[in-house]
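Just follow the structure's listing: the first ligand is 1, and inside any ligand the first atom is 1. Because the structure is predicted, anything quoted here is derived from the model rather than measured.
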Amino acid sequence: MKKIAFHWQVLIGLIIGVLFGLFLKDYVSYVSWMGIVFLRGLRMVIIPLILTSIISGIANIGNAENLGRLGLKTMVYYISTSLLAIITGLFFVNLIKPGVGADLGLVKQVTELSAVQDSFSETLLKIIPTNIFEALTSGEMLSIIFFAIVFGFFITKVDKKPSDFLTDMFNSLFEVIMKITMLVIKLTPLGVLGIVAKAVSDAPSITEFAGRMGIYMITVILGLFVHTFISLPLVLRFIGKMNPIWHFKNMATPLLTAFSTASSSATLPLTMNAIEYKSGVSNKISSFTLPLGATVNMDGTALYECVAAMFIAQAYGVDLTLGQQVIVVLTALLASIGAAGIPMAGLVMISIILSAVGLPLEGLGLILAVDQILDMFRTTVNVYSDTCGAVIIAKSEGEILNDKKLINNIHENTR
Ligand code: ASP
C-alpha cells in the first residue's frame, strides 16, 4: 500500500480531532494528552534550535556586508507585507462595517490587561539582554536572536583555528537538534488530533458566533483569505519569480500545524524543516529569516489588530477620522511586531491601538469570545508569510529552489 503523504496525515489528524471534539466530548482526555506531548516536544527544541541554527547560519554567512544585505531585505519584506495585510483588513472593515450595531451587552470582563506594555523604545532596548541565560530560560526570543547573531558574527572574526572549531561545533549541534526535531515532527498528526479535539470540545457555544460576531469573524477571515490567496501569491510570482501553488503545497504541514497550535513559535521547527527540506532553501537563509519572522513578522496578526480595533470603534459608535485610521494602521504594525508567537498574544496587543486612538479598553471584552478561533487563522497567515519571505530572499540571493534531487532528498528525510 502506498504511504499516505505526511501533510495528508496531519489533515486527517485535524479532521478526526474536530469530530472527536464534537461527538466524544467526554472522552477528550483520552486524546488530549497527545497534544500536550507534542507541544512540550516542540517547546523543548525551540530554544536550542533557534540558538544553534542562527549561530551556525551566521557563522556560515561570513561577512558583515552579506549579513547587512540579508537583514535589510528581510526587514523590508516583513514591514511591507505586514502593511499590505493591514491595508487589506482596513479595506474590508470599512466596506463591511461589522461593528455597526454590535451588542455592547456582550462585553466580557477582561482580566490581566496589565500584561501590556512597554513603549516601543523600551521594547527596542530590551532586545539587548542583560543576562543571556535569563533570556534563554524565560524564552525572550528577540534577545536570544540578537545574542545569537552577535555570537555567530564574531565567530567569523576570531583566528582561523577557533573560528573553524566553533563553526564546526555549532554546525554539529544544529544537526543533532534537527534530528531530535524530526522525531517530534513525526508526532504531528497525533499531536494535532489531540490539540484540536480539546480546542473543539472547549469551544464556546454556537450562539456566540451568530449575528454581529459572525460578521466580524467573516471580515477578518475574508481579509486573511485575500492576503493569503491573492496578495502573497502575487508577491511570490512577481518578486520571487516562483510558482505560488508549488510553494503552498510544500508548506502544507507547517500551515496545518500553525492552524492547530495557534503559535508561530511552536510551529517554527516544522517551518524550518519544510523550508529547508521541501523548498530547498539553505540553512544560512532559513536560520536567519525564520526565527526572526516567527517573532516579528505577523501579517495575519497585523490584519487582525486593525480589523478588531476598527470593529470596537464601530461598536462604540466612534467614527475614526482618516488621520486616526492612519494611527490605527501604524500601531497595528507595531502591535504585530511586538506580539509574541504564542496563542492569543495578539489579543492583548490591541489595547495599544485602542489607547492610541482613545477607545475604551473594555472593548477587548467584546471580541474575547471568538479570539481563539481567529487566532488559528491569523497564525496560519503569520507562518505562511514567513515562509514566502524565506523563499523570496533565498531566490534573491541566487539560490536554486525547486530542484528534483532535493525533492528526493526530502522523502529520505521525512520518512
Ligand atoms: N498566535 C499568534 C502567533 O503565534 C500571535 C497572535 O496571537 O496573534 O503567531
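- Judged by distance alone, the side chains of N94 and Q325 do bring a donor and an acceptor atom under 3.5 Å apart.
- Atoms of ligand 1 lying under 4.0 Å from any heavy atom of R378, numbered from 1 in the order shown and given with element: 6 (C), 7 (O), 8 (O).
- The aromatic ring centres of F377 and Y304 sit 6.0 Å or more apart.
- Heavy-atom proximity to A262, at under 4.0 Å, picks out these atoms of ligand 1: 1 (N), 4 (O).
- No side-chain heavy atom of F174 sits under 4.5 Å from any side-chain heavy atom of I55.
- The nearest heavy-atom contact from the protein to atom 1 (N) of ligand 1 is D375 OD1, 2.8 Å.
- Ligand 1 lies nowhere less than 4.0 angstrom from a heavy atom belonging to A339.
- In terms of protein heavy-atom proximity, atom 7 (O) of ligand 1 is closest to G346 N, 2.7 Å.
- The contact set between ligand 1 and A345, taken as ligand atoms under 4.0 Å from a residue heavy atom, comprises 6 (C), 7 (O).
- K241 places a side-chain N or O within donor-acceptor distance of the main-chain N or O of F238, the cut-off being under 3.5 Å.
- The aromatic ring centroids of Y384 and F248 lie less than 6.0 Å from each other.
- Under 4.0 Å from ligand 1, the heavy atoms of M344 that appear belong solely to its backbone.
- Residue G341 has at least one heavy-atom neighbour below 4.0 Å for each of these atoms of ligand 1: 3 (C), 4 (O).
- Inspection of the E305 and S336 side chains reveals no N or O donor paired with an N or O acceptor under 3.5 Å.
- Protein heavy atom in closest approach to atom 4 (O) of ligand 1: S264 N, 2.8 Å.
- Contact annotation: A340 has at least one heavy atom less than 4.0 Å from an atom of ligand 1.
- The S263 neighbourhood of ligand 1 comprises atoms 4 (O), with distances under 4.0 Å to a heavy atom of that residue.
- At a cut-off of 3.5 Å, with distance as the only test, a side-chain donor of K73 or S396 sits close to an acceptor on the other residue.
- Here is the list of ligand 1 atoms found below 4.0 Å of a heavy atom in T301: 5 (C), 6 (C), 8 (O).
- Ligand-side atoms of ligand 1 in range of N382: 2 (C), 3 (C), 9 (O), range being under 4.0 angstrom from any heavy atom.
- Contact annotation: for I342 versus ligand 1, heavy atoms closer than 4.0 Å belong to the backbone alone.
- The ligand atoms of ligand 1 that sit less than 4.0 angstrom from a heavy atom of T379 are 1 (N), 2 (C), 3 (C), 4 (O), 9 (O).
- Between F225 and F229, the ring-plane angle classifies as tilted under the 30° and 60° cut-offs.
- The shortest distance between side-chain heavy atoms of F6 and T188 falls below 4.5 Å.
- In this structure, N60 contributes its side chain and S56 its backbone to a donor-acceptor pair below 3.5 Å.
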